[in-house]
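Report on one structure; see the data block that follows.
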Amino acid sequence: ENSLLRQVSSLLRRLPAIESGKFQDDFL
Amino acid sequence: EEQVLVIREKLAELYESEEQWSKAAQMLSGIDLDSGMRVIDDTFRLSKCVQIARLYLEDDDAVNAEAFINKASFLVSNSQHEVLNLQYKVCYARILDLKRKFLEAALRYYDISQIEKRQIGDEEIDEEALEQALSAAVTCTILAAAGPQRSRVLATLYKDERCSKLKIYPILQKVYLERILRKPEIDAFAEELKPHQKALLPDNFTVLDRAMIEHNLLSASKLYTNISFDELGTLLGIPPHKAEKIASRMIYEDRMRGSIDQVEAVIHFDDDTEELQQWDQQIVGLCQALNDVLDSMAKKGF
Amino acid sequence: MDIEQKQSEIIDHFIKEASSASSNASTLASLITEATSHPSLFAFSEILSLPNVLQLEATENSAYLDMLRLFAHGTWSDYKSNASRLPQLVPDQILKLKQLTVLTMADTHKVLPYDQLMQELDVSNVRELEDFLINECMYAGIVRGKLDQLQRCFEVQFAAGRDLRPAQLGNMIHTLSNWLSTSENLLVTIQEKIKWADSMGEIDMKHRKDVEEKVEEVKKSLF
């Protein structure tokens with residue numbers, strides 16, 4: 001099911017959810 | 001006084017027939033509506049004030065029109081005369097529009113466009129007039145100063161399905177979606193505007209220019225983490241120092257979140273949402289995407 | 001996933017057209033050109049998997065089959081290095097292939113450096129690159145993200161999925177199983193934290209009760 005595979009492929013790219021130094025500080 | 005009144009009304013009629021609107025208004029303005037010599041009922045006073053304001057507005061004379069609409073505003077609250085009340089509302093919206101209080105004008109135009117009755121007194125309210133009021137509401141909202149308030153009115157208009165039938169809808173959609181408007185789109189929009197909506201401001205921008213530059217700047221702030229003023233100037237089609245000036249004013253007026261580094265000549269846009277919230281939103285988005293995939297699988301029988 | 005919904009009807013349309021074109025090679029060739037020029041279509045594996053399309057392999061129109069494969073999985077650089085063996089692309093196709101190139105780049109990285117983007121897309125300056133990313137990618141709905149001029153990079157928050165190359169399936173499954181075990185561990189950790197918080201809460205409560213009782217005793221003994 002190509003459409004599903006494309007959706008899953010797009011899904012996989014959504015992680016890591018955020019990658020910024022500022023986030024690390026806020027998160028800690 | 002009675003004779004004076006009759007003569008003035010006759011002369012005003014003649015001026016109107018010759019489309020000398022301001023002269024007709026001046027003629028009627030000479031009628032003493034506050035005379036103690038005779039009893040004048042409020043409805044008559046209101047009708048005269050509204051008539052004079054409408055005449056001045058035919059010549060786009062907001063200042064004189066406003067003087068009479070202010071008088072009328074003391075009378076309209078007790079008036080049961082629906083036609084007069086509607087005419088008063090239209091005059092008031094047009095005066096706000098002419099005075100470039102676009103967001104207030106937009107709200108009043110929108111209010112007028114939502115009239116349900118199609119017959120008020122002996123006046124027929126046709127769809128075309130309501131559509132004009134709606135279109136005027138959209139135009140004024142687009143011309144209003146970019147910021148949270150304007151965004152709220154844009155959302156209201158965008159969700160009103162009547163707007164999707166308006167000629168102005170494509171640009172409403174782009175403005176609502178906070179998209180950067182390119183010159184061809186702005187030029188097409190400019191063709192629909194009234195002279196005062198393209199008037200030159202003291203800073204040598206027209207009303208339209210300012211509205212479009214601010215809108216594009218706010219749209220850029222959704223797309224950029226930061227941008228140099230050189231590049232921002234190119235994007236907005238204005239000199240970098242003007243871009244900096246407008247950006248600083250919008251930040252100062254709290255219509256845009258950001259900070260300006262004059263040494264580097266860069267503007268840093270602050271995201272409305274804090275990093276942690278962004279992280280949450282990203283995860284919410286991820287979960288929704290996962291649900292979409294599961295729904296698709298269920299739909300396809302997996 | 002609205003990009004998938006948007007293009008599913010278009011895919012169905014081209015599949016129907018291709019199926020009815022049966023094995024007429026030139027009709028299929030022009031259909032492939034039409035599909036790879038369509039402004040809202042970014043997925044081609046459904047069309048690519050049609051038997052009569054695959055039969056183009058052995059005909060003089062096999063270049064169109066290669067072109068369809070290029071749009072399903074390739075990039076603008078792939079086209080340039082094989083241009084002599086592929087049909088001449090029209091501007092709409094060039095635009096699309098460059099959009100697809102951004103999706104492929106977003107496949108492996110969430111932060112795309114301007115220099116790499118400019119090289120991959122044959123773009124000569126920042127303004128042109130950013131206009132492309134804004135108008136043809138973000139406003140087209142295939143990616144969402146932020147442009148960072150100081151760091152000269154494009155941070156991707158969302159990118160539509162491209163057609164999968166066969167080899168990708170393996171590591172997709174691998175990534176998903178990693179997710180699964182990470183999520184399960186996360187849930188276990190959260191459960192433990194909740195238990196810990198509850199027990200700490202109980203200990204606190206007991207401690208507070210003891211202290212209150214002691215206060216009462218002291219008060220009584222004072223009287």
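Chain naming here is simple, since letters A, B, ... match the order of the sequence lines and numbering starts at 1 in each.
Ring pair Y169(B)/Y158(B) is parallel by interplanar angle, where below 30° counts as parallel and above 60° as perpendicular. Between F14(C) and H38(C), the ring-plane angle classifies as perpendicular under the 30° and 60° cut-offs.
Counting heavy atoms of neighbouring residues, nucleotides and ligands inside a 6.0 Å radius, atom CD of Q88(C) does not exceed 12 of them. When the shell of 6.0 Å around NZ of K80(C) is examined, it contains more than 12 heavy atoms from other residues, nucleotides or ligands.
Using a cut-off of 4.0 Å between Lys/Arg side-chain N and Asp/Glu carboxylate O, K165(B) and E131(B) are scored as not salt-bridged.
When each of E155(C), Q149(C), Q151(C) is scored by its heavy-atom pairs under 4.5 Å with chain B, the top score falls to Q149(C). For the set R182(B), R179(B), E231(B), the entry with the most heavy-atom pairs within less than 4.5 Å of chain C is R179(B).
Both the backbone and the side chain of L150(C) come within contact range of chain B, judged by heavy atoms closer than 4.5 Å. Heavy-atom distances place the side chain of L286(B), and not its backbone, under 4.5 Å from chain C. E178(B) touches chain C through its backbone: at least one of N, CA, C or O sits under 4.5 Å from a heavy atom, while the side chain does not. For Q282(B), the part lying under 4.5 angstrom from a heavy atom of chain C is the side chain only.
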